[in-house]
Amino acid sequence: MAREDIVQKWLDHVHEDISAAECLFQGGHWLYVAFLCHQAIEKALKAYYVSTHDDDPRFTHSHLKLLEDCGLIDQLTDEQLSFLDLMVPMYIEARYPEQKDAAARMLSNEACQHIINTTKELTQWIEERLPETKPSTSSDSTNES
């Protein structure tokens with residue numbers, strides 16, 4: 001599969017995760033809103049990594065490690081870094097009840113709305129930094145009169 005196709009698959013998942021988070025927000029499922037937003041950011045970073053490297057991104061859920069790998073960490077604002085710190089516990093690896101309860105206590109309607117909005121802004125920020133892809137040359141070979 002071409003690198004551009006892999007990048008697009010990652011980005012499609014980013015948008016799907018954000019859309020699902022918005023649906024779950026309507027139902028008051030805040031923990032899963034935050035989890036999906038965490039995932040969307042992770043996938044946007046992996047899309048960026050694939051677009052700028054010849055290998056696959058490392059298997060990690062750490063936004064900061066991915067930002068370092070992508071070379072984007074120094075470009076973040078203090079506000080973006082603070083938001084990413086807030087998002088760290090939203091990836092619940094083991095999904096044990098104690099972990100879910102601790103993360104859920106941090107969330108509210110207002111907090112989740114902020115998480116969704118900021119996730120949209122951050123993933124857009126990442127997408128805006130993706131290198132331009134070359135236009136397809138398959139249609140460029142047509143005969144001109």
Check your understanding: Of all residues at least two apart in sequence or in a different chain, which pass the side chain to side chain contact (heavy atoms under 4.5 Å, CB included) check with Asp55?
Key -> Tyr49, His53
Practice item. List the atom of Leu36, the atom of Ala20, and the distance in Å for their closest heavy-atom pair. Key: CD1-CB, 3.7 Å
Exercise for review: Could you tell me which residues satisfy salt bridge (charged side-chain N to carboxylate O under 4.0 Å, His left out) with Arg58, sequence neighbours excluded, listed by chain and number?
Suggested key: Asp69
Exercise for review: For Glu22, check salt bridge (charged side-chain N to carboxylate O under 4.0 Å, His left out) against everything at least two apart and list the hits.
Suggested key: Lys120
**Study point:** Residues that Asn117 engages under side-chain hydrogen bond (donor to acceptor under 3.5 Å, both in side chains), provided they are two or more places apart
**Key:** Gln113
Point to revise | Audit row: Gln124, Glu128, side-chain contact (heavy atoms from CB on, under 4.5 Å) steps and yes/no | key: CA-CA 6 Å; Gln124 181 179 347; Glu128 288 170 356; 3.0 Å; yes
Revision key, fill the gap. Sequence neighbours excluded, the answer for side chain to side chain contact (heavy atoms under 4.5 Å, CB included) partners of Asp56 is Arg3
Practice item. Please answer whether the main-chain N or O of Leu72 pairs with a side-chain N or O of Gln75 as donor and acceptor at a distance below 3.5 Å. Key: no
Review point. Taking only residues two or more places apart in sequence, or in another chain, which ones meet Gln26 in a side-chain hydrogen bond (donor to acceptor under 3.5 Å, both in side chains)?
Key: none
Check residues 9-18 and write down every donor-acceptor pair under 3.5 Å in which the side-chain atom is one partner and the other belongs to a residue at least two apart or another chain.
{"unit_1": "Asp12", "atom_1": "OD1", "unit_2": "Gln8", "atom_2": "NE2", "d": "2.8"}
{"unit_1": "His15", "atom_1": "NE2", "unit_2": "Glu127", "atom_2": "OE2", "d": "3.2"}
{"unit_1": "Asp17", "atom_1": "OD2", "unit_2": "Lys43", "atom_2": "NZ", "d": "2.7"}

Review point. Same cluster for Ile115 and Leu81 if Ile/Leu/Val/Met/Phe/Trp/Tyr side chains link at under 4.5 Å?
Key: yes
Study note, to complete from the structure: By ring pair (Phe, Tyr, Trp, His ring centres under 6.0 Å), His38 pairs with (sequence neighbours left out) His63, Tyr91
Point to revise | Pairs where residues 76-92 contributes a residue and the test salt bridge (Lys or Arg N to Asp or Glu O under 4.0 Å) is met, not counting sequence neighbours | key: none
Exercise for review: Not counting sequence neighbours, which residues clear side chain to side chain contact (heavy atoms under 4.5 Å, CB included) with Ser82? List them please.
Suggested key: none
